[in-house]
Amino acid sequence: TELNQEQIPDPYSSAVQKELQEIAHFSSQLINTNDLLKRYRLYDRQLPDYFSGFTFTGDDDTSVRHRNIVKDIIDDVWPLVYKLKLHYRRPRPFQLAVLHDIKIYPMASLTAQCPAYPSMHSTVAQVISGVCGNKFPDAYKFYKELSDDIGNSRMCMGLCLPSDVEAGKRLADAILNNKEFKLKYGL
């Protein structure tokens, strides 16, 4: 992929400090918006179910096919992203914030118990968006907006830096352009 160690800013750098200040601003605003907070918590806790259950409901062929595609994508992508997270081992924003004396109060998360880079939620959401947007073109705009919102949620919740989310998007692009992946999903 196009990810490498050089793309991760030094934890003590001004670039990280700037990203942390953005996260502190995002997360402080999130506290005052209950609807957004509720939606972001759903993304955190139930991303696979959110995509497969929210977008197509029922037992018709399209709904079943959609749920199976989402499940297969998650089964394919999740382990790859997790391995990359363990390879890069980038701390979460609240861990980096201590180095810069910035106060970040991340939202409670069931899924942020591993390193931040690349963003798992951003990667998975972008890949699902790319595949399902291709398979169900009438819903492409919905998928794109949803995947972008999911990436934003990770920053607003104080769980990922913008560079973590951007790395997830780059990784998703690489996955979607992989010859074997394209063949498997008919892209």
Side-chain angles (χ1 to χ4, degrees), residues 1-3 36 38-90 92 106-187:
T1 68
E2 297 178 21
L3 303 180
L36 196 59
K38 190 176 187 180
R39 186 170 77 231
Y40 285 179
R41 284 187 174 144
L42 276 174
Y43 295 160
D44 180 64
R45 294 181 178 138
Q46 301 170 326
L47 182 66
D49 295 335
Y50 196 85
F51 261 106
S52 59
F54 180 75
T55 51
F56 286 94
T57 57
D59 292 327
D60 64 350
D61 287 342
T62 302
S63 296
V64 170
R65 194 174 88 166
H66 179 267
R67 283 193 294 273
N68 288 338
I69 290 170
V70 169
K71 182 192 175 308
D72 289 346
I73 290 169
I74 290 169
D75 289 348
D76 288 342
V77 174
W78 206 273
L80 170 67
V81 180
Y82 192 73
K83 283 181 182 179
L84 288 169
K85 285 176 164 292
L86 294 179
H87 173 75
Y88 291 112
R89 296 196 164 288
R90 184 179 198 186
R92 293 281 173 180
M107 301 292 129
S109 171
L110 297 175
T111 59
Q113 309 308 317
C114 61
Y117 183 95
S119 167
M120 175 77 75
H121 281 68
S122 182
T123 304
V124 170
Q126 293 288 329
V127 172
I128 291 172
S129 173
V131 172
C132 292
N134 183 284
K135 300 255 182 224
F136 310 101
D138 292 344
Y140 176 79
K141 182 179 178 200
F142 168 80
Y143 284 115
K144 183 66 179 133
E145 289 172 358
L146 178 59
S147 63
D148 289 343
D149 193 41
I150 288 169
N152 288 336
S153 77
R154 304 311 284 176
M155 294 182 292
C156 290
M157 291 178 73
L159 303 173
C160 290
L161 294 174
S163 54
D164 301 330
V165 172
E166 285 304 314
K169 289 179 181 181
R170 285 194 314 275
L171 178 57
D173 286 343
I175 291 168
L176 288 165
N177 287 310
N178 177 276
K179 191 164 94 172
E180 292 165 6
F181 189 86
K182 289 169 97 170
L183 184 63
K184 177 175 182 174
Y185 289 97
L187 303 175

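Quick caveat, the model's predicted, so the values are computed rather than measured.
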Could you tell me which non-hydrogen atom of Phe181 sits nearest to which non-hydrogen atom of Val131, and how far apart they are? CE2-CG2, 3.7 Å
Is any side-chain heavy atom of Arg39 closer than 4.5 Å to one of Asp149? yes
Just how far is it from atom CD of Gln113 to atom CG of Leu159, taken to the nearest 0.5 Å? 9.5 Å
Regarding Tyr185 and Asn134, is there a side-chain donor-to-acceptor distance under 3.5 Å anywhere? no
Would you indicate whether the side-chain heavy atoms of Leu146 and Tyr43 approach each other to under 4.5 Å? yes
For Pro115 versus Leu86, what's the shortest heavy-atom pair and its separation? CD-CD2, 4.3 Å
Could you pull out the closest heavy-atom pair between Ile69 and Lys135, with the gap in Å? CD1-CD, 4.0 Å
If you take all heavy atoms of Met157 and Ala108, which pair is closest and at what distance? CE-O, 4.1 Å
Measure the spacing between CG of Leu36 and CZ of Arg41 and express it to the nearest 0.5 Å. 11.0 Å
With no hydrogens and no angle check, is any side-chain donor or acceptor of Arg92 less than 3.5 Å from a backbone partner on Cys114? yes
If I take atom CG from residue Asn178 and atom CG from residue Asp173, how far apart are they, to the nearest 0.5 angstrom? 12.5 Å
Exactly one of Ile74, Ile73, Asp75 should register a side chain to side chain contact (heavy atoms under 4.5 Å, CB included) with Lys71. Which one does? Asp75
Of all the heavy-atom pairs spanning Asp76 and Lys184, show the shortest one and how long it is. OD2-NZ, 2.8 Å
So CE of Met155 and CD of Glu166: to nearest 0.5 Å the spacing works out to 7.5 Å
Are Met120 and Val77 side-chain neighbours, meaning at least one heavy-atom pair lies under 4.5 Å? no
Asp164/Arg90 ion pair, N-O < 4.0 Å: yes
Just by modelled atom types, is the Tyr40 backbone N or O under 3.5 Å from a matching donor or acceptor in the Ser153 side chain? no
I'd like to know if the side chain of Lys85 reaches the main chain of Pro118, judged simply by a donor and an acceptor atom lying under 3.5 Å from each other, with no hydrogens or angles considered. yes
Do side-chain atoms of Lys169 reach the backbone of Thr123 as a donor and acceptor pair under 3.5 angstrom? no
Kindly determine whether Asp148 and Gln126 satisfy side chain to side chain contact (heavy atoms under 4.5 Å, CB included), including the steps that lead there. CA-CA 8 Å; Asp148 289 343; Gln126 293 288 329; 3.2 Å; yes
Tyr140 OH: over 12 foreign heavy atoms closer than 6.0 Å: no
Non-hydrogen atoms of Ala125 and Ser147 that approach each other most closely: O-CB, 3.4 Å
